Participant: 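Sharing a structure with you now.
Heavy atoms only: backbone and side chains are in, while hydrogens, waters and symmetry mates are out. None of these values were measured; they are calculated from a predicted model. Below, chains carry the letters A, B, ... as their sequence lines are ordered, and counting in each starts from 1.
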Number of protein chains: 2
Amino acid sequence: MTAAVALLDETGDESAITLRSVARRVGIAAPSIYRHFPDQPTIMLAVVQQAFAEFEAQLRTAVNAAGNDPRQQLFACCHAYLRYAQDHPERYRTMFGGLWMPALHDTSITANDVATLGDACMHLLTQTLSDCIATGQATSTDLRADAVALWLGLHGLAHQRAVTVTYPWPPDIADRIITTLAHLTTT
Amino acid sequence: MTAAVALLDETGDESAITLRSVARRVGIAAPSIYRHFPDQPTIMLAVVQQAFAEFEAQLRTAVNAAGNDPRQQLFACCHAYLRYAQDHPERYRTMFGGLWMPALHDTSITANDVATLGDACMHLLTQTLSDCIATGQATSTDLRADAVALWLGLHGLAHQRAVTVTYPWPPDIADRIITTLAHLTTT
DNA sequence: TCCGAAAACTTATCGGCGTTACCCCTTGCG
DNA sequence: CGCAAGGGGTAACGCCGATAAGTTTTCGGA
C-alpha cells in the first residue's frame, strides 16, 4: 500500500498503480499480490481510504490550530481542504474521481465502503459551520443543506484545480466561495 | 467516433472506450484505427470535444426557451447544466474528469486543445449572469469571479452526482447553490 | 527439538490492451 | 497504363489483470 501511494505521488497518474508495478516496487512476483488483496480495485480502495484518513487528519489539525474563533476555524478548515487538493492533486483526483468505481460491480468492494468514505470530513465541516451559526457569524436556516452546498463549492474548485492545473482563476475565488456559501456575516 | 460515444453511453465506463473495442464495433481490425487517429487519447479528445459541443447546444437551447427574464434564463442555464450531467453522468465524468489528460504529455494533443474545451459554456453562463446584474436581479461587483464561482458550484454538484449516484442530497441543493452563488435578489 | 499445516511466494499461462512493422488491395488521376 | 496514396489486414511485442498449480518459509504445539 505504501508502494501504491508512492507510485501515485511520483507519477501523478492513478493508472500507474498497476498490480504489477506495485509488485515490482515491493520486490515480489505479481501474483503474490493476491495473498494480500483480492483484486486490483481493492488496492485502489485501500489507497483512497488511507488518503481520506490523512485528509481528515489535516483538516482536523488545521481547525485545532485556528484558535477559538469559529469563523477562523471555518476558514482554516476550508483552506486546508483546498490546500490538500492542491498539494496532492493526483490523490484528490483519485479520491473523488470515481474512476475505480465502475469496476465495483464484480469485485469484493461493498457499496458501504464507498459511501462512508468522506463522512468524517463532512461531519467536521458541518460541525465547524454549526459553530459559526451558533456565534452569529453565519446565517443559515438549514445547517445540513448549507454544509453540503459549501462542501460542493469547495469540491468544485478543488477538483477543477486538480484536473486543469493552468487556468486563470480569479485571485479571491476561494474566499469568495467560502464566504458566500457559508453565509458568513460581513463583520 | 460515433462508436466510441455509443460504447461510453452503453457501458457508463470510459475505460470501455478501448482502441480494440472501437475497432470491433466498426468492424475493422484494431491497427486500422491508426489510419484515422494517431493514438488512443486522441479518440478520447474527439469524444470529449463532441460532448462539449452537444453540451453547449443544450445550454443554449434552454436559455433561448426561457423567455426574456434574465433570472429565468439563468435558472434555465444552470438547470440544463445539471440535467446534462445527470442524464449523461459517464460523459460528464469523462469531460471533466481529466483521466485521459495524464497521457497528454507524449501524444499529439496540444495543451490548447484541452484549455479551450469549456470556454463557450463558460461564456454563455457569464453572459446570462451579466444580464441578471443589468436588470438588478443579481448583485455582483465582479462579474467574472462570480461567474466562475457559480460554475464551480454547479460543477461540484454535477460532478459529485455523476460519481456517486446514491447520496442523500438536500432536496433544494441545486437552487440553493444557484441563488447563493449568483447573488440573486430575493424578489 | 521436530513436524505439519498455513501463510507467502514462485512460475506458467490465458486473454485483452496499445502500438509497431509490414503487406495487400482498391481508387483515382497523370 | 502506371503508380502513388488511402484504407484495410496479419503478426508480433510488451504491458496489463487474473488463475492454476507447485514450492518455500514460518511458526505454534507435541
Side-chain angles (χ1 to χ4, degrees), chain A residues 1-50 90-91 93-94 97-111 113-114, chain B residues 1-50 90 93-94 97-110 113-114:
Chain A
M1 262 193 53
T2 308
V5 175
L7 283 168
L8 179 59
D9 286 343
E10 288 171 14
T11 65
D13 180 1
E14 57 188 312
S15 74
I17 303 184
T18 184
L19 195 141
R20 294 175 118 100
S21 70
V22 172
R24 271 193 298 270
R25 173 64 71 103
V26 298
I28 62 176
S32 305
I33 294 268
Y34 289 93
R35 298 296 170 181
H36 309 271
F37 293 93
D39 48 25
Q40 193 264 358
T42 307
I43 300 178
M44 286 305 205
L45 178 64
V47 169
V48 169
Q49 281 172 334
Q50 176 170 306
E90 67 292 339
R91 292 193 201 176
R93 229 183 306 129
T94 309
L99 155 148
W100 40 276
M101 289 184 49
L104 175 145
H105 300 297
D106 41 20
T107 65
S108 55
I109 300 175
T110 73
D113 290 338
V114 177
Chain B
M1 264 195 51
T2 308
V5 175
L7 283 169
L8 180 59
D9 287 343
E10 288 170 13
T11 66
D13 181 0
E14 58 188 311
S15 74
I17 303 184
T18 185
L19 194 142
R20 292 177 120 101
S21 70
V22 172
R24 272 193 298 270
R25 174 63 73 102
V26 298
I28 62 176
S32 304
I33 294 266
Y34 289 90
R35 300 293 174 185
H36 308 272
F37 293 93
D39 47 26
Q40 192 264 359
T42 308
I43 300 178
M44 287 303 204
L45 179 64
V47 169
V48 169
Q49 282 172 333
Q50 175 170 303
E90 66 292 337
R93 229 183 305 129
T94 308
L99 157 148
W100 42 274
M101 287 183 51
L104 175 146
H105 300 296
D106 40 21
T107 64
S108 54
I109 299 175
T110 73
D113 290 337
V114 177

Participant: Are B:His36 and D:dG6 close enough that a side-chain N or O sits under 4.0 Å from OP1 or OP2?
Facilitator: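 Indeed not, no polar side-chain atom of B:His36 lies that close.
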
Participant: Separation of B:Ile28 atom CD1 from D:dG6 atom C1', in whole Å?
Facilitator: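 After rounding, the reported distance stands at 13 Å.
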
Participant: Check whether any side-chain heavy atom of A:Arg91 sits under 4.5 Å from a side-chain heavy atom of A:Leu8, and report yes or no.
Facilitator: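 Answer yes - side chains close enough.
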
Participant: Below 4.0 angstrom from OP1 or OP2 of C:dT20, is there any side-chain N or O of B:Tyr34?
Facilitator: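 No, outside the criterion.
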
Participant: Between atom CD in B:Gln40 and atom P in C:dT20, what is the gap in whole Å?
Facilitator: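 Between P of C:dT20 and CD of B:Gln40: 13 Å.
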
Participant: With A:Arg35, which residues qualify under side-chain contact (heavy atoms from CB on, under 4.5 Å), at least two apart?
Facilitator: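 Result, side-chain contact (heavy atoms from CB on, under 4.5 Å) vs A:Arg35: none returned.
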
Participant: Can you tell me how far P of C:dC17 sits from CZ of B:Arg25, to the nearest Å?
Facilitator: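 Distance check: B:Arg25 CZ to C:dC17 P gives 13 Å.
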
Participant: Whole angstroms only, please: what is the CD1-C1' distance between B:Ile33 and D:dG9?
Facilitator: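 Atom CD1 in B:Ile33 sits about 13 Å away from atom C1' in D:dG9.
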
Participant: Over how many whole Å does the gap from B:Leu19 atom CG to C:dT20 atom C1' extend?
Facilitator: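 Interatomic distance, CG of B:Leu19 to C1' of C:dT20: 12 Å.
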
Participant: Any heavy-atom pair between the side chains of A:Met1 and A:Ile43 that's under 4.5 Å?
Facilitator: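 They are not in side-chain contact.
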
Participant: Taking atom P of D:dC16 as reference, at what distance in whole Å does atom CG of A:Asp39 sit?
Facilitator: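 Whole-Å distance recorded here is 17 Å.
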
Participant: Any sub-3.5 Å donor-acceptor pair from B:Glu14's side-chain atoms to B:Met44's backbone N or O?
Facilitator: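 No.
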
Participant: Could you say whether A:Arg35 or A:Arg20 is positioned toward the 5' end of DNA chain C, judged by the nucleotide with the nearest heavy atom to each?
Facilitator: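 It is A:Arg35, whose closest nucleotide lies nearer the 5' terminus.
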
Participant: Round to a whole Å and report the spacing from CZ of B:Phe37 to P of C:dT19.
Facilitator: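 The answer, rounded to whole Å, is 13 Å.
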
Participant: Atom CZ of B:Arg24 to atom P of C:dG16: distance rounded to whole Å?
Facilitator: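 In whole Å, C:dG16 P lies 7 Å from B:Arg24 CZ.
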
Participant: Does C:dT10 have OP1 or OP2 under 4.0 Å away from a side-chain N or O of A:Ser32?
Facilitator: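 Affirmative; the distance criterion is met.
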
Participant: Give B:Thr18 one of three labels, base, sugar-phosphate or nothing, depending on what nucleic acid heavy atoms sit under 4.0 Å from its own.
Facilitator: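 Sugar-phosphate only.
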
